[in-house]
Amino acid sequence: MPATVPAVDLAPRVFSRDVADHLVPTGREEEWRFTPLKRLRGLTDGSAVLESTPAIDVVAEGFTVDTVAMDDPRVGASLTPSDIIAARAMSVAPAATVLALAAEGSGRADVTIDGRGAGASHLIIEFGPFSAGTVVVRHRGHATLAQAVEIRVADSASGTVVFWQDWDRDTVHAATHHAQLGRDARLMMGHITLGGDLVRILPQVSYTATGGDAELLGLTFADAGQHLESRVFVDHDTPQCRSSVLYKSALQGDEAHTVWVGDVLVRAEATGIDTYEVNRNLILTDGARADSVPNLELETGEIVGAGHASATGRFDDEQLFYLQARGIPADLARVLVVRGFFTDVLGRLGVPEIADEVMSTVDSRLGIDRVAAGLLEEEAE
Amino acid sequence: MSTLEIHNLHASVETDGGEREILRGVDLTVSSGQTHAVMGPNGSGKSTLAYVIAGHPKYKVTDGTITLDGANVLEMSVDERARAGLFLAMQYPVEIPGVSVSNFLRTSATAVRGEAPKLRLWIKEVKESMAALSMDPSFADRSVNEGFSGGEKKRHEILQLELLKPKIAVLDETDSGLDVDALRIVSEGVNRFQADGTTGTLLITHYTRILRYIHPDFVHVFVDGRIVESGGPELATQLEEHGYERFARAGSGA
């Protein structure tokens with residue numbers, strides 16, 4: 001049995017595109033300790049046969065869309081896998097899809113990744129210098145998916161990328177979503193995870209020049225039996241950059257499990273940076289479990305700010321009292337608080353086209369009848 | 001015609017040092033068409049009275065009764081009380097992130113009225129009520145009480161009062177933290193609510209300044225968990241001139 005060596009810092013220890021360079025996890029490793037490995041259907045140990053590539057449909061305006069071979073220089077230009085599943089995704093995926101927004105361009109792309117069984121996918125999203133655009137990646141269908149995504153936001157570009165995990169209940173999805181920010185680049189990266197049996201996503205951010213500004217937002221709703229895990233890693237290795245992380249999850253039902261790990265590493269050279277991360281978990285019923293691990297490691301004190309906050313709990317009695325004191329029955333009051341908890345994140349994401357559909361899913365999970373409750377959204381003029 | 005009757009009300013709160021009695025035998029009757037002012041020094045328990053009427057779970061009623069038109073209020077849940085026609089305008093309204101004022105108001109009105117109000121009429125109703133309280137229409141899109149100034153919170157409470165039209169309204173220190181303009185606007189809202197004589201108001205306050213705008217029919221001095229003296233508006237004038245000192249002695253001697 002190999003000895004477990006404590007990590008010396010929060011950075012993943014192995015970066016390699018070669019599957020053989022990564023150890024097959026046993027579950028004792030810090031980065032795997034919350035994940036039910038058996039439910040990953042062989043994505044870690046390689047027993048999964050990944051031959052059903054998911055169907056990708058792209059509706060794009062302003063973006064060019066290409067399919068490139070895996071030896072194309074754009075593949076792996078900014079992402080080097082930090083775990084065996086991302087490495088496997090890059091070794092198995094038959095091709096990569098590249099969405100690119102030209103310099104000074106603006107655009108919008110809606111990507112649907114439709115699962116069709118066990119497979120791998122590699123997606124590249126590039127925002128050219130001074131461009132501004134939004135990409136929504138919607139995952140649906142049933143799949144066992146190993147995935148690698150690399151996002152490159154060039155100098156002074158501003159990008160929004162939202163990953164919406166709208167999977168069928170039986171899906172397993174393990175992914176690394178890495179973003180690289182150039183000088184004065186801005187990125188909002190959102191993860192809305194509602195579906196799937198086991199979803200484990202590693203949102204990662206790194207910077208190549210000063211002035212990069214990354215905002216990471218997450219919304220997770222775990223129902224009975226779902227394991228929904230987010231492991232954020234922000235690598236501050238460049239001065240004068242900013243990161244802001246806000247992940248919220250709600251849980252209901254037996255064995256509903258969410259995991260949020262927020263690793264933020266501020267390296268010695270990253271002076272003048274500003275980082276803040278927040279995780280909030282709302283436990284709606286007995287039998288659900290939320291793990292929340294903020295990790296902030298500072299190798300320099302010459303920074304603007306660094307902080308984290310994490311809170312897991314049940315409903316705020318005062319909020320419920322206030323709503324009930326306005327005649328709203330207790331059950332509906334709880335629903336309103338949960339909706340509010342999520343609309344807060346959706347509002348920040350600023351993609352109203354999907355917000356309503358996401359809230360419909362949330363409402364149906366909560367068992368709410370919008371019209372009977374007097375909620376306005378759908379009928380408002 | 002509605003009547004809220006409070007008789008020999010005792011209530012306590014759980015503290016680290018055990019149970020502490022805060023209300024010690026309150027008797028008070030508020031009927032439609034009447035405005036009652038309950039005035040008392042800090043810590044006298046007057047806000048507790050407001051919260052006990054609304055049914056806050058923090059307080060335990062150990063003796064006495066509260067009825068609304070004969071129905072036992074103490075047996076009702078918080079939301080049942082509101083639907084029965086009681087309203088509490090809170091001193092510190094709670095922030096509810098992500099729940100828009102418009103959704104909140106409509107859900108609340110739907111619950112209290114028993115059916116969703118017709119949308120077109122509802123939008124007009126809200127717009128007019130907001131305008132009367134000098135509230136910007138953009139207010140409706142904000143999250144409930146989140147980032148509201150003190151004045152905005154109180155206006156939002158009175159907006160709800162006007163839209164929900166309770167039988168009996170309890171206003172807990174609605175005047176606190178308001179500048180003169182906001183105090184006037186809020187008071188006018190309460191007077192509009194009270195104008196047609198079908199509703200009753202119980203105004204809880206520490207200071208007399210709100211009584212320049214809202215004229216009570218009855219004034220009660222509240223000290224040490226109970227009413228120690230009741231009278232007409234002249235009692236408020238006395239309090240304005242002499243403060244609570246005389247009554248504080250009466251309370252401690254009781």
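These numbers were taken from a predicted model, which means no experiment stands behind them. Naming convention: chains lettered A, B, ... in sequence-line order (proteins, then strands); numbering from 1 in each chain.
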Toward chain B, the part of A/Phe341 with a non-hydrogen atom under 4.5 Å
backbone
Measuring heavy-atom distances to chain A, does B/Pro93 have an atom under 4.5 Å in its side chain, in its backbone, in both, or in neither?
both
Contact origin within B/Ala89 toward chain A - heavy atom pairs under 4.5 Å
backbone
Which one, B/Met90, B/Glu80, B/Arg81, B/Glu115, leads in non-hydrogen pairs under 4.5 Å with chain A?
B/Met90
If one checks every heavy atom of B/Glu95 against chain A at 4.5 Å, the contacting part turns out to be backbone
CG of A/Leu216 to NE2 of A/His177: how many Å apart, nearest 0.5 Å?
11.5 Å
Before accepting this row, confirm whether a basic side-chain N of the pair B/Lys165/B/Glu125 lies closer than 4.0 Å to the acidic partner's carboxylate O.
no
How are the rings of B/Phe104 and A/Tyr322 set to each other: parallel, tilted or perpendicular (split at 30° and 60°)?
parallel
Mark yes or no: A/Arg326 above the aromatic ring of A/Phe321, with NZ or CZ under 6.0 Å from the six-membered ring centre and no more than 45 degrees from the axis.
no
Against chain A, label B/Ile96 side chain, backbone, both or neither, depending on which of its atoms sit under 4.5 Å from a heavy atom there.
both
So, are A/Arg348 and A/Glu215 salt-bridged, with charged N and O less than 4.0 Å apart?
no
